[in-house]
Amino acid sequence: MPAIPSDPGASRTRSWWGWGYTDAHPDDAECTAMGALLPGTLTRPLPIPRVTDLPIALPAVTPPPALAHLVTADPEVRAAHAMGKAYRDVIRALRGRPGRIPDLVARPTDDQQVADLLDWAGEHGVAVIPFGGGSSVVGGVEYRGDTHRAVLSLDLTSMNRVLEIDTASRSARIQAGALGPVLEDQLRPHGLTLRHFPQSFEFSTLGGWLATRAGGHYATGHTHIDDFVQSLRVVTPAGAGTSWRLPASGAGPSPDRLFLGSEGALGVITEAWMRLQERPRYKASTSVAFADFHRALDAVRAIAQSDLAPANCRLLDPGEALLSGASHDGSTVLVLGFESATTRVDDRLTDALDLARAHGGRGKTPTADRDGLADTADAAVSAWRSAFLRMPYLRDGLARMGAVVETFETAATWDRIPALIDAVRSQVGAAALKATGHPATINCRLTHVYPDGAAPYFTVAVAGRPGDELEIWDDIKAAASDVLHRHQATITHHHAVGRDHRPGYDLQRPEPFALALRAAKNALDPHRILNPGVLID
């Protein structure tokens, strides 16, 4: 099977300090208008930070001549690899306190170069932080501490090709550094798609999805990246290995599962065979309004426990619906969508609407065209889609106004979902009020639903105190993590653990598993250079 050329095609400038593209950031006037909606924020936005204002020291190490062509010490490149895109990262950049900036950034193009860089780093006590698109919102791509001589950011985005496509098995071998659009552009001519579209799709890589067990946009069915993996190739300081390509196997613990979710602490994922799908031809979507949030929860549970398998089944509470423009009358809104590559979906949408109406939902059945090919999205659905992609940019705009904005997500079984959501609203709200003296806005939406439970996603926004935003964020994060733990809800459903969720993760995992994970770390990373502080010490 021939190799398939890639075409990165990126001409827009990425922001080194905030989300996405620089030309998509809110301007000063938009920031000021947003701040006016949150009493207690600044009267003018903080200035956009400049790399030239940062205290960037000279690198503490020099690579050997054989690796020098892979490595750069350019200050702007190093600054762009110093952090992810969490609120705490954005506010640190705005306040000129970005933390430890990597000494060097390496961009390998093949497995051997990755192995050579790991060998050199191990010999010289250099911490290695695997880096894809840099979209982590949990402190997953930064170095914290001072136990290593230097820090190397290992940027894999030059390894971005779809290497093979097996049409008979409908799968492809793909390098881990491929950003979402780069990957899909190479699959599109074959009528295929990975069908994994997280909110960070433009700015995250296949390797990042695998290393963090990412969840995609779709609410049901195959949405977690785990579901698409046939095999992995991983380079570790102890050697490289590739698991067999298999549709399924019962041969002991899965080698792929060791590295899925390992967040670069055990090895560097360099490529993977991934299951593909035909591109969808039939689509239909609509919205349903509810006067009561808890009845809407019952409707979503009924749909999730049916065999309808909607692509989108996203429930927005009144605050989230208002923020996205999906509703302006205090309604809870359910966004429903179906798609298929082979069959019409309008009947499934009608059946889902009937279940929603049985629980008090109000929605009209949309009409598809004669061939059932139209995506019949209504105004509420369209508004939500636009807001969904715009939201991270607006968060950065609020950060410039001194607001504290935290987003976190979780998952729990249906019997605990109502009490969990109520507890987050009351107890995290109380913590935010105590930390700031201002009432917080707390919105909730369900992003993924399952027959046995759901994944609530929360947004907390409150006016901060100038210069103390990070400490307030820490207080809110601690309060949120405590609520999740007491309700036995996972510390993360799809944002990964990183460094920010370590305390919650340490409480969630069984101790025998922690022992096994430490043993794997010692065996695969004997010099303890790979992403120190992530998952295990």
Side-chain angles (χ1 to χ4, degrees), residues 81 83-84 86 99-100 102 106 108 111 114-115 117-119 121-122 125-148 150-156 176-177 204-214 225-226 229 232-241 243 253-270 272 491-492 494-537:
H81 288 74
M83 303 177 296
R100 177 76 176 265
D111 284 16
V114 172
L117 287 162
L118 293 182
D119 287 345
V126 177
V128 178
I129 313 297
F131 194 99
S135 62
S136 171
V137 292
V138 293
V141 293
E142 67 176 271
Y143 180 85
R144 296 181 191 171
D146 56 5
T147 58
H148 291 79
V151 178
L152 173 75
S153 179
L154 187 67
D155 187 323
L156 296 175
S204 54
T205 63
L206 173 63
W209 302 340
L210 297 167
T212 61
R213 296 184 65 195
I225 198 65
D226 314 37
V229 176
L232 296 180
R233 178 162 179 78
V234 184
V235 177
T236 80
S243 60
S254 166
D256 295 332
R257 291 283 172 177
L258 179 63
F259 296 103
L260 287 169
S262 62
E263 302 192 26
L266 302 179
V268 181
I269 299 170
T270 58
I491 192 62
T492 179
H494 58 267
H495 279 175
V497 176
R499 292 162 179 83
D500 296 340
H501 287 157
R502 262 297 301 277
Y505 176 66
D506 288 350
L507 292 172
Q508 180 176 325
R509 69 186 177 196
E511 183 54 30
F513 179 76
L515 290 173
L517 195 57
R518 293 187 192 103
K521 176 73 171 178
N522 290 334
L524 297 173
D525 182 21
H527 297 294
R528 307 188 78 79
I529 59 170
L530 283 173
N531 219 1
V534 166
L535 298 183
I536 45 179
D537 294 324

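Small disclaimer: the values here were computed from a predicted structure and weren't measured. Computed over heavy atoms, backbone and side chain alike; hydrogens, waters and symmetry mates excluded.
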**OP:** Answer yes or no: is there a donor N or O on one side and an acceptor on the other, between the side chain of Gln508 and the main chain of Ile491, under 3.5 Å?
**Re:** yes

Subject >> Residue pair Val128 / Ala121: nearest heavy atoms and the distance that separates them >> reply: CG2-CB, 3.4 Å

Original post:
Going from CG on Asp226 to CG on Leu210, what distance comes out if it is rounded to the nearest 0.5 angstrom?
Top reply: 8.5 Å

Original post:
Is Glu263 reaching over with its side chain to a backbone N or O of Thr212, donor-acceptor style, under 3.5 angstrom?
Top reply: no

**OP:** Output yes when Asp256 and Arg233 qualify as a salt bridge under the 4.0 Å nitrogen-oxygen rule, no when they do not.
**Re:** no

Subject >> Spacing of Ser136 atom OG and Ile129 atom CD1 [to the nearest 0.5 Å] >> reply: 11.0 Å

Original post:
Is Tyr505 reaching over with its side chain to a backbone N or O of Ala496, donor-acceptor style, under 3.5 angstrom?
Top reply: no

Subject >> Contact check, side chains of Pro108 and Leu154, non-hydrogen atoms, under 4.5 Å >> reply: yes

Original post:
Between Ser243 (side chain) and Leu232 (backbone), is there a donor-acceptor pair under 3.5 Å?
Top reply: yes

**OP:** Could you point out which residue of Arg502, Arg518, Lys521 forms a side chain to side chain donor-acceptor pair (under 3.5 Å) with Asp537?
**Re:** Arg502

Original post:
So, the side chain of Asn531 versus the backbone of Val534: is there a donor-acceptor pair under 3.5 Å, distance only?
Top reply: no

Original post:
Roughly how far, to the nearest 0.5 Å, is OG1 of Thr236 from CG of Leu266?
Top reply: 9.0 Å

**OP:** Measure the CG-CD1 distance between Leu206 and Ile269 for me, rounded to the nearest 0.5 Å.
**Re:** 8.0 Å

Subject >> Interatomic distance, Asp111 atom CG to Thr270 atom OG1 [nearest 0.5 angstrom] >> reply: 3.5 Å

Subject >> side-chain contact (heavy atoms from CB on, under 4.5 Å) between Leu156 and Thr205, worked out >> reply: CA-CA 9 Å; Leu156 296 175; Thr205 63; over 6 Å; no

Original post:
Would you say the side-chain atoms of Asp525 pair up with the backbone N or O of Ile529, donor to acceptor, closer than 3.5 Å?
Top reply: yes

**OP:** Over 60° means perpendicular and under 30° means parallel, so classify the ring planes of Phe131 and His81, tilted if in between.
**Re:** tilted

Subject >> Side chains of Tyr143 and Pro102 in contact at under 4.5 Å (non-hydrogen atoms) >> reply: no

Subject >> Closest non-hydrogen atom pair between Gly264 and Ala211, with its separation >> reply: N-CB, 4.3 Å

Subject >> Atom pair CG (Leu517) and CG (Leu258), whose distance is rounded to the nearest 0.5 Å >> reply: 8.0 Å

Original post:
What do the steps show when you test Arg213 against Thr492 for side-chain contact (heavy atoms from CB on, under 4.5 Å), and what is the final call?
Top reply: CA-CA 10 Å; Arg213 296 184 65 195; Thr492 179; over 6 Å; no

Original post:
Under the 3.5 angstrom rule, does the side chain of His148 hit a backbone N or O of Arg528 as a donor-acceptor pair?
Top reply: yes

Original post:
Any side-chain heavy-atom pair from Arg257 and Val229 closer than 4.5 angstrom?
Top reply: no

Subject >> side chain to side chain contact (heavy atoms under 4.5 Å, CB included), paired with Val497, selected from His501, His495, Arg499 >> reply: His501

